[in-house]
**Q** 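Below is one structure. I have some questions about it.
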Amino acid sequence: LNSNGSAATLVEKNCFKNNNVTGAANGNGIYSDQGLSNAVVDSNLFINNTNAAILLTGTTPNAVSNVMIANNQADNRIRLTYSKDVTITKNTITNSPSHGIQLAGATSGISISQNTVTGATYMAVRIFDSDGVGANTTSVIANNTFTGNVYGVVVADPGASAVITQNAIDNTTGGLGIDLSLSSGFPPDGVTPNDVQDPDVGPNHLQNFPVLTSAITTSGTRVVGSL
């Protein structure tokens with residue numbers, strides 16, 4: 001699925017199932033390797049595609065741009081590289097044998113919101129620089145539900161900047177809900193100790209985590225801590 005965006009592309013209400021053969025598409029439900037612009041992928045069903053439900057990439061920066069991926073149901077990951085201004089919203093990804101959503105290098109302006117990722121073998125969201133293609137910058141991960149995945153959100157790209165806010169992340173079975181990892185491999189490196197004035201560099205500048213001192217639930221909930 002390659003398009004320069006001169007005409008709008010709509011992929012809607014299809015079932016992509018059992019794409020397991022080798023070749024250029026390599027077991028993906030929807031695959032683009034030369035770029036895709038001005039496109040909507042909406043309300044599709046992805047079943048048993050061995051590599052990814054949706055894989056969009058290119059060979060140059062911003063090869064993928066102005067794409068909406070919404071309201072799809074899948075049992076495998078959504079993966080982006082060389083992508084700008086892509087919205088991933090209201091998708092349901094269940095029991096992925098890999099990750100839920102991957103930003104795998106040279107992405108910017110990616111919005112990941114109101115998705116539900118459940119039971120992924122690895123991470124609900126993984127941000128990393130695959131093969132040194134470039135940093136993932138200015139992404140926003142907000143108002144998602146991540147339940148029963150081995151890890152929640154893992155940012156493992158040294159140059160990454162991601163806003164991670166208002167997500168429901170629970171029942172991670174092997175690691176942290178949010179992990180800013182200096183290791184881009186697997187597994188991520190776990191808790192990064194806080195430091196005074198937080199001067200270090202790395203994913204999200206290795207922002208210190210909040211230290212909670214009390215939580216009171218009488219007449220509402222009041223949480224006290226410091227960051």
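Nothing fancy with the numbering, it's 1 onward along the sequence. Every value quoted in this text rests on a predicted model; they were computed, and no experiment measured them.
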**Q** Only pairs at least two apart or in different chains count here, so list each side chain to side chain donor-acceptor pair (under 3.5 Å) that has a residue in residues 46-74.
**A**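 Every pair satisfying side chain to side chain donor-acceptor pair (under 3.5 Å) with a residue in residues 46-74: Asn18-Asn48, Asn28-Asn51, Ser37-Ser65, Asp42-Asn71, Asn44-Asn72, Asn51-Arg77, Thr57-Thr81, Asn72-Asn91.
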
**Q** Which residues pass the side chain to side chain contact (heavy atoms under 4.5 Å, CB included) test with Asp170, sequence neighbours left out?
**A**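 Once residues adjacent in sequence are excluded, the partners of Asp170 under the side chain to side chain contact (heavy atoms under 4.5 Å, CB included) criterion are Thr147.
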
**Q** Check whether any side-chain N or O of Thr121 sits under 3.5 Å from a backbone N or O of Ser96 as a donor-acceptor pair, and report yes or no.
**A**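 Between the backbone of Ser96 and the side chain of Thr121 there is a qualifying donor-acceptor contact (under 3.5 Å).
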
**Q** Verify, without hydrogens or angle tests, whether Thr89 (side chain) and Ser113 (backbone) share a donor-acceptor contact under 3.5 angstrom.
**A**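 Yes; judged by distance alone, with no hydrogens or angles, the pair exists.
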
**Q** Can you tell me if Asp129 uses its side chain to pair, donor with acceptor, with the backbone of Gly134 under 3.5 Å?
**A**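 It does hold such a pair.
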
**Q** Donor-acceptor pair, distance only, cut-off 3.5 Å: does the side chain of Asn115 make one with the backbone of Lys90?
**A**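 Such a contact is found between Asn115 side chain and Lys90 backbone.
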
**Q** Between atom OG1 of Thr87 and atom CD1 of Ile110, what is the distance when rounded to the nearest 0.5 Å?
**A**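 Thr87 atom OG1 to Ile110 atom CD1 measures 8.0 Å (nearest 0.5 Å).
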
**Q** Give the table of side-chain donor-acceptor pairs shorter than 3.5 Å for residues 171-184, with sequence neighbours excluded, one pair per line with atom names and distance.
**A**
unit_1	atom_1	unit_2	atom_2	d
Thr172	OG1	Gly175	O	2.8
Asp179	OD2	Gly190	N	3.1
Ser181	OG	Ser183	N	3.1
Ser181	OG	Ser183	O	2.8
Ser181	OG	Asp189	N	3.1
Ser181	OG	Asp189	OD1	3.3
Ser183	OG	Gly185	N	3.3

**Q** Locate the shortest heavy-atom distance separating Asn38 from Gly5; write the atom from each residue and the value.
**A**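 Where Asn38 meets Gly5 most closely, the heavy atoms are ND2-O, 3.3 Å.
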
**Q** Using side-chain heavy atoms (C-beta onward) and a distance below 4.5 Å, is Asn19 in contact with Tyr31?
**A**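 A side-chain contact under 4.5 Å is absent here.
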
**Q** Is there a donor-acceptor pair under 3.5 Å between the side chain of Asp75 and the backbone N or O of Thr94?
**A**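 Pair absent, no side-chain N/O of Asp75 close to backbone of Thr94.
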
**Q** With sequence neighbours left out, write down each residue that passes ring pair (Phe, Tyr, Trp, His ring centres under 6.0 Å) with Phe186, or none if nothing qualifies.
**A**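 Residues passing ring pair (Phe, Tyr, Trp, His ring centres under 6.0 Å) with Phe186: Tyr122, Tyr151.
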
**Q** Is the side chain of Asn208 donor-acceptor paired with the backbone N or O of Asn194 at a distance under 3.5 Å, no angle test?
**A**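 Between the backbone of Asn194 and the side chain of Asn208 there is no qualifying donor-acceptor contact (under 3.5 Å).
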
**Q** Side-chain contact test, heavy atoms from C-beta onward, threshold under 4.5 Å: evaluate it for Ile54 versus Ile69 and give yes or no.
**A**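 Yes; the side chains approach each other to less than 4.5 Å.
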
**Q** Do the side chain of His99 and the main chain of Met123 share a donor and acceptor less than 3.5 angstrom apart?
**A**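 Answer holds: yes.
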
**Q** Hydrophobic clustering (ILVMFWY, side-chain heavy atoms < 4.5 Å, transitive) - are Leu1 and Phe46 grouped together?
**A**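 They do share one cluster, since a chain of ILVMFWY contacts under 4.5 Å joins Phe46 to Leu1.
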
**Q** Who else is in the cluster with Leu212 when I, L, V, M, F, W and Y are joined by side-chain contacts under 4.5 Å?
**A**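 Besides Leu212, the cluster holds Val223.
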
**Q** Apart from Val224 itself, what residues make up its hydrophobic cluster, given side-chain heavy atom links below 4.5 Å?
**A**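 Under the 4.5 Å side-chain rule, Val224 groups with nothing.
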
